[in-house]
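Everything below concerns the one structure shown next.
Quick caveat: nothing in here was measured; it's all calculated off a predicted structure. Read the numbers this way: they start at 1 and go in the same order the structure lists the ligands and their atoms. Below, all heavy atoms of this structure are taken into account, side chains as well, without hydrogens, waters or symmetry copies.
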Amino acid sequence: MRVFLSFILGLLGTLSLAAKPARESMEDITARVFRLARVQYIAMDAMIPEGKYPTSIKKGALATASATTWVSGFYPGSLWYIYLYDNDARIRALAEKYTRAMEPALRSHISHDLGFQFNCSCGNALRITGDEQWRPMLLEAASLLAGRFSPVTGVTRSWNFSPKGKEWKYPVIIDNMMNLELLTEAARLTGADSLRTMAVTHARTTIRNHFRPDATCYHVVDYDPGTGEVRWRGTHQGYADESAWARGQGWAVYGFTMMYEKTGEEDFLRQAEAVARMLLRRLPADGIPFWDFDAPEIPDEHKDASAAAIMASAFVRLASLTADKKLSKQCRAMAETQLRTLASPLYLSVPGENCGFLLKHSVGNLPKKSQVDVPLTYADYYFLEALLRWNKIL
Ligand code: GLY
């Protein structure tokens with residue numbers, strides 16, 4: 001009888017195993033995504049007009065812009081990440097072509113976005129290949145960005161414009177934390193301490209002025225350029241001045257994690273940890289935030305895959321830097337959830353669709369009804385980066 005029972009139990013066990021397919025490993029997810037990326041990004045190249053860079057999809061067609069757009073560096077950056085993963089000569093040739101074509105953006109820069117543009121393109125080219133040809137462009141971009149720093153405000157200025165009715169004098173957005181990596185990289189390459197000091201000063205000023213007591217951050221802080229006093233705090237792309245715009249929170253956790261990694265300043269680690277704890281409390285079960293954590297119609301609001309990808313990349317890195325073991329585990333678990341969701345059919349495109357982009361369902365600027373529920377080039381970039389970081393390739 002006992003033999004019979006154990007036979008039946010064994011059979012049931014085998015059947016239940018057969019019914020439940022094994023969970024795809026993160027390594028297999030990564031291989032699947034990078035296979036897709038290779039196909040999609042080669043197809044995308046054929047759709048891009050000469051001298052342009054992919055941004056998103058508009059009216060069903062690939063949307064592109066010149067090298068001066070803030071997102072130009074992400075397509076070459078993603079190509080460099082694909083090359084890092086598969087070492088494919090064809091991908092490298094494309095990465096070189098689009099990195100070289102970034103040059104005109106040095107002649108007509110109009111904002112702080114030089115970091116996004118040149119660290120993602122030339123910076124990755126130099127780090128991944130060691131080819132010195134990319135160094136001058138990277139250093140020139142860093143020196144242009146340094147020209148936007150003021151010792152009075154203690155921050156680099158983000159935008160030169162002020163929207164109608166706002167009268168900003170010296171706007172600084174949380175996104176600007178990301179551009180500091182260009183300054184720290186240039187400091188490392190040249191030994192120019194002044195660039196490192198600017199980056200550190202900007203990050204310290206941002207801790208003082210951009211954050212609320214609950215560790216959420218404002219999108220925009222406007223400074224008086226004459227005194228350094230804060231004139232105004234609010235939003236440009238979020239739901240409300242006092243809300244937590246999702247991508248901004250992503251830039252914050254990524255920016256302070258990166259600044260701790262680059263400088264070893266403990267304050268930056270504390271700030272990254274505080275933002276991460278806030279995010280871990282507020283992110284939904286699938287790990288993909290709504291476009292603003294305080295959007296009024298949640299759960300009937302758009303999700304933002306780009307914010308999830310940025311956070312996932314930051315969480316993987318923070319997990320390896322923090323000494324708080326519990327936080328480290330939670331960050332890695334959340335990153336895994338986010339990456340699994342992004343790699344699912346709900347978010348990931350199939351070969352030949354989505355104009356060559358990998359991810360669907362991001363939000364650019366919802367209040368302006370611009371780029372809502374579309375692919376965005378930076379969503380793909382940080383998604384690939386997060387997977388490389390997860391697998392310790394980066
Ligand atoms: N840096 C602009 C944005 O995140 O939309």
Next on the checklist: Using a 4.0 Å cut-off to any heavy atom of D175, which atoms of ligand 1 qualify?
Outcome noted: 1 (N), 2 (C), 3 (C), 4 (O)
Item to check | Carboxylate-amine/guanidinium contact R282 D294, below 4.0 Å | outcome: yes
Checklist entry - With a 4.0 Å cut-off, would you call R340 and D286 a salt bridge? => result no
Less than 3.5 Å between some nitrogen or oxygen of [X] and one of ligand 1, yes or no?
X    : result
Q237 : yes
W251 : yes
D113 : no

Checklist entry - Can R332 be said to sit on top of F315's aromatic six-ring, NZ or CZ under 6.0 Å from centre and within 45° of the ring axis? => result no
Checklist entry - Under the criterion ring-ring contact (aromatic ring centres under 6.0 Å, His included), which of Y378, W70, Y382 is the partner of F116? => result W70
Item to check | Residue pair F293 / L283, side-chain heavy-atom distance below 4.5 Å | outcome: yes
Checklist entry - Can you tell me which residue and heavy atom of the protein come closest to atom 4 (O) of ligand 1, and the distance to 0.1 Å? => result R247 NE, 2.8 Å
